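Here the structure comes first, spelled out in structure tokens, and everything after it is commentary.
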Amino acid sequence: MNYWLVKSEPSEFGFAALQAAGRSVWDGVRNYQARNNLRAMKTGDRVLFYHSREGLAIVGLAEVVGEAYPDPTAATGDWSAVDLVARQPLPYPVPLTRIKQHPALQNLGLVRNGRLSVMPVSAEEFSIIMELAQQGEDTAA
DNA sequence: GCCAACGTTGGC
DNA sequence: GCCAACGTTGGC
């Protein structure tokens, strides 16, 4: 199983919207690196759901359902979409500020390339984030 | 709302 | 094929 992180603006389509919508098409990605990450997703992969612009935190866990397929919203170009389903909100959101503080999370795309919208997460990074999500905010040294 | 960082585009 | 200009994203 692999782990990923996707970004979304809560005002556009937040984690609550994903929960409400059930199985949802993750489309509209127009960046090659992000697209290639979508294409590498497999059914059952875990997906951390990050709120950009507002919230600035990882707020939920989702799951990939089905392989990548051509993006229905792309009139031209070679773009891909996948389907996601919400699993559960994190017990506590993990804020970007905390991720930036954690020494073992400095290689996350979220830290290194703020503009990538779909990125891989290592198993170690994933478990650290899930641990942080048990603790709430401001317990970091 | 601003602006830095990044990716993409297009002129040469 | 290079690189400057432009548009977009997203943290602040």
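Residue numbers begin at 1 in each chain, while the letters A, B, ... track the order of the sequences. Everything numeric here is computed off the predicted structure, so don't read it as measured data.
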Separation of dG11(C) atom P from Ile58(A) atom CD1, nearest Å, is 11 Å
From CG of Leu5(A) across to C1' of dG10(C) the rounded distance in Å is 14 Å
Exercise. Under 4.0 Å: is that the gap between some side-chain N or O of Lys7(A) and OP1 or OP2 of dT8(C)?
Worked result: no
- [ ] Treat each ILVMFWY residue as a node, draw an edge where side-chain heavy atoms are under 4.5 Å apart, and state whether Val25(A) and Val118(A) are in one component.
- [x] no
From CZ of Arg112(A) across to P of dG10(C) the rounded distance in Å is 17 Å
Taken to the nearest whole Å, NE2/His51(A) to C1'/dG11(C) is 16 Å
To the nearest angstrom, the CZ-P distance between Arg30(A) and dT9(C) comes to 11 Å
Taken to the nearest whole Å, CE/Met119(A) to C1'/dG10(C) is 11 Å
Among dG11(C), dG7(B), dG10(C), the one nearest any side-chain atom of Leu96(A) is dG11(C)
Under 4.0 Å from OP1 or OP2 of dT9(C): is there any side-chain N or O of Tyr50(A) that close? no
request  = Spell out yes or no: do the side chain of Arg115(A) and the base of dG7(B) have one donor N/O and one acceptor N/O closer than 3.5 Å?
outcome  = no
When every non-hydrogen atom of Leu48(A) is compared with those of Ile58(A), the smallest separation belongs to CB-CG2, 3.9 Å
Go through it in stages, so that I can follow the logic: the residues are Tyr69(A) and Trp79(A), the test is ring-ring contact (aromatic ring centres under 6.0 Å, His included), and I'd like the CA-CA distance, side-chain angles, deciding distance and then a yes or no. CA-CA 8 Å; Tyr69(A) 53 91; Trp79(A) 301 108; over 10 Å; no
Whole-Å distance, Glu54(A) CD to dG10(C) C1', equals 11 Å
Closest of dT8(B), dG10(C), dC12(C) to the Arg53(A) side chain is dG10(C)
Whole-Å distance, Asn31(A) CG to dT9(C) P, equals 10 Å
- Query: Taking Ser80(A) for the side chain and Asp71(A) for the main chain, is one N or O donor matched with an acceptor at less than 3.5 Å?
  - Reply: no
